[in-house]
Student: 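Would you mind keeping the following structure in view while I ask a few things?
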Amino acid sequence: MSVSFSAWTSRGRGSARLAAGTLVSALVAATVLAGAGTAAADADGTAPGHSGAAATIGGLKTYGSAVIRGASGDTQVSAGLFEMSVEGGGTLHTYCVDVQTPTQQDAKYHETAWSGTSLGVNEDAGRIRWILRNSYPQVNDLAALAKKAGIRGRLTEQDAAAGTQVAIWRYSDDVDVDAVDPQAEQLADYLQKKARDQQEPRASLTLDPPAVSGRPGERIGPVTVRTDARSVTVSPPADAATTGVRIVDANGKPVTTATDGGRIFFEVPEDEAAGSVALTVQASTTVPVGRAFVSESRSQTQILAGSSESTVSATASATWAQDGATPAVSARENCAKGGVDVTVTHRGDAPFTFSLAGTEHTVTAGKSTTVTVPLNEDQPYDFTLEGPPGFEQRFTGMLDCRTRAAEAGTTTQTLTAPSPLVSPPADTDLAATGASSATPWITGTAIALVVIGGAGLVITRQRQTTSEE
């Protein structure tokens, strides 16, 4: 989803490019973006931001072969482990969870919650996480893994990757698929049989909430840090020197670093005119296994199998006004409801009335309301929340909540060719899972989402519970 806006104030505007299912918060002139889309830098040239890890896919690195069986015949595809390069440093390894969607070469991905992907409506998503935690590459003692699976003979890395991917597809896509290699097929059967439900992992780094509002002369917040990193570095707003806004703790002391659970406030001078600012936090940490990654180019959704120490970041903003309504508008794609949940939280001293999807709503001071805007699967959407004169926020993107197999209404749709990376170099050794059966389909669906300038940031928050092997 991307968001554009015109608001009562334009100070501190930023932008973001972001993904389906990620929580989006926007305050008057500070907008968080979510969904399978992009948002370009705004007119000020502010660089886009994100929450968690962002990476570029490099293709399949360790893989074997699998066969998808259908009523019209069988199709052989590549199956295995992808590698991604993290922006700012680090490497990720992932498997895909939508076999019939192609992988776009050099596609940009970013970390997001399950709720805005097909995993959010998949009752077996937790079993997929169990497979990830109990197979390759999390389990790199392949002899021990082979013994557990009852495999006779040597289990290679290629077999382990192919077998793991096949087991994942059986739960993610509900397809009739087998690994070609006997060892890989035995591993897939073992993992499918043993898998049990586990909780979705929480984000590598988020700020909760990602946007806050209040009055000048007070500390606006708190914004709470949620991370697995030992600590995060807090970067002050770019225009802090001109606005006089400080980033402080609950006692008013300046904050430059924080740990998990740390609370951050924006301290705004009493005589400051209406405006907004944003801060960024950054850390180096491993991204939790099972986090979803979505692309900005309709490339296969990925799920994390392993992470090196990687750079992650998140942004939060504050908006203030001397009087009147000071609403905080947030939105997230909700696959369970088949639409976008738009939430308006009001901290002002007058009712805030807005129009959304043809209906008028009023939020009194200190209250909030959520409106779900129903949307069509895989269809671009574009709607605007309109408030008092001068206030509007526009949400654009594309809802991607179902796998191609689910959309087709069958679990055994046949593909007609192996699945190379879309438009690979002739001398490359990379392959990719996903349908390559129809170039016209790829041309028709591998579209870039609408690019809208705006003040942006993303936050996702999920609780991570201890899970058993």
Student: Minimum heavy-atom separation for L279 to V281, with atom names?
Tutor: CD1-CG1, 3.9 Å
Student: Enter the distance from F82:CZ to Q300:CD here, rounded to the nearest 0.5 Å.
Tutor: 5.0 Å
Student: Looking at R127 and D197, does any basic side-chain N land under 4.0 Å from a carboxylate oxygen?
Tutor: no
Student: Could you verify whether a donor N or O on one side chain and an acceptor N or O on the other, from T384 and E392, lie under 3.5 Å apart?
Tutor: no
Student: Any side-chain donor paired with an acceptor under 3.5 Å for Y109 and S299?
Tutor: yes
Student: Less than 4.5 Å apart, any side-chain heavy atom of I57 and any of T103?
Tutor: yes
Student: Taking all non-hydrogen atoms of both residues, which atom of V97 and which atom of T403 are closest, and how far apart?
Tutor: O-CG2, 3.6 Å
Student: In Å and rounded to the nearest 0.5 Å, what is the CD to CG distance from E185 to D159?
Tutor: 11.5 Å
Student: Please determine whether side-chain contact (heavy atoms from CB on, under 4.5 Å) holds for the pair C96 and W169, giving the CA-CA distance in whole Å, both sets of side-chain angles, and the decisive distance to 0.1 Å.
Tutor: CA-CA 8 Å; C96 89; W169 280 336; 3.2 Å; yes
Student: V99 versus I68: any side-chain heavy-atom pair under 4.5 Å?
Tutor: yes
Student: I'd like to check I264 versus P222 (side-chain heavy atoms, cut-off strictly below 4.5 Å). Are they in contact?
Tutor: no
Student: When rounded to the nearest 0.5 angstrom, what distance separates CG in L155 from NZ in K148?
Tutor: 13.0 Å
Student: Side-chain contact, heavy-atom cut-off 4.5 Å: T257 with V232?
Tutor: no
Student: What is the minimum heavy-atom distance between V289 and R129, and which atoms define it?
Tutor: O-NE, 3.0 Å
Student: T164 and S135: side-chain donor and acceptor closer than 3.5 Å?
Tutor: yes
Student: Report yes or no: does R202 contribute a side-chain atom to a donor-acceptor pair with the main-chain N or O of T227 at less than 3.5 Å?
Tutor: yes
Student: Is the backbone of Q282 close enough, under 3.5 Å, to the side chain of S313 for a donor and an acceptor to pair up by distance?
Tutor: no
Student: V212 versus V223: any side-chain heavy-atom pair under 4.5 Å?
Tutor: yes
Student: Taking E377 for the side chain and C401 for the main chain, is one N or O donor matched with an acceptor at less than 3.5 Å?
Tutor: yes
Student: Compare all side-chain heavy atoms of T233 with those of T256 and state whether any distance is below 4.5 angstrom.
Tutor: no
Student: Got a salt bridge between R402 and D173, using NZ or NE/NH1/NH2 to carboxylate O under 4.0 Å?
Tutor: no
Student: Backbone N or O of S310 within a donor-acceptor pair of the S308 side chain at under 3.5 Å?
Tutor: no
Student: Quick one: does H93's side chain get under 4.5 Å of T91's, heavy atoms only?
Tutor: yes
Student: Under a plain distance cut-off of 3.5 Å, with no hydrogens placed, do E111 and S204 share a side-chain donor-acceptor pair?
Tutor: yes
Student: Carefully, step by step, assess N122 and S118 under the rule side-chain contact (heavy atoms from CB on, under 4.5 Å).
Tutor: CA-CA 6 Å; N122 186 339; S118 62; 5.9 Å; no
Student: Quick one: closest heavy-atom pair of G290 and L132, and the distance?
Tutor: CA-CD1, 3.9 Å
Student: Taking Q76 for its side chain and A66 for its backbone only, find out whether a donor-acceptor pair lies under 3.5 Å.
Tutor: no
Student: Might you work through the side-chain contact (heavy atoms from CB on, under 4.5 Å) test for T117 and T112, ending with a clear yes or no?
Tutor: CA-CA 9 Å; T117 74; T112 191; 4.1 Å; yes
Student: Please report the interatomic distance OH(Y381) to OG1(T396), rounded to the nearest 0.5 Å.
Tutor: 7.0 Å
Student: Strictly below 4.0 Å, N to O, side chains only: are D260 and R226 in salt-bridge contact?
Tutor: no
Student: Does any non-hydrogen side-chain atom of V277 lie less than 4.5 Å from one of F266?
Tutor: yes
Student: Under a plain distance cut-off of 3.5 Å, with no hydrogens placed, do D341 and T372 share a side-chain donor-acceptor pair?
Tutor: yes
Student: Rounded to the nearest 0.5 Å, how far apart are CZ of F293 and OG1 of T94?
Tutor: 8.0 Å
Student: Under the salt bridge (charged side-chain N to carboxylate O under 4.0 Å, His left out) criterion, do R263 and D249 qualify, and how do the steps go?
Tutor: CA-CA 6 Å; R263 303 200 307 164; D249 63 16; over 6 Å; no
Student: Give a yes or no on whether the backbone of L205 and the side-chain of S51 come within a donor-acceptor separation of less than 3.5 Å.
Tutor: yes
Student: Which heavy atom in L145 sits nearest to a heavy atom in N134, and how many Å separate them?
Tutor: CD1-O, 3.8 Å
Student: Closest approach of P236 and I247, non-hydrogen atoms and distance?
Tutor: CA-CG1, 4.3 Å
Student: Looking only at the side chains, is there a donor atom on one of R170 and Q192 sitting less than 3.5 Å from an acceptor on the other?
Tutor: yes
Student: Would F383 and V340 count as a side-chain contact (heavy atoms from CB on, under 4.5 Å) if you check the C-alpha gap in whole Å, the side-chain angles of each, and the deciding distance to 0.1 Å?
Tutor: CA-CA 10 Å; F383 62 88; V340 172; 4.1 Å; yes
Student: If you measure from OG on S295 to NZ on K108, what distance do you get to the nearest 0.5 Å?
Tutor: 12.0 Å
Student: For K337, is there any backbone N or O sitting under 3.5 Å from a side-chain donor or acceptor partner on N334?
Tutor: yes
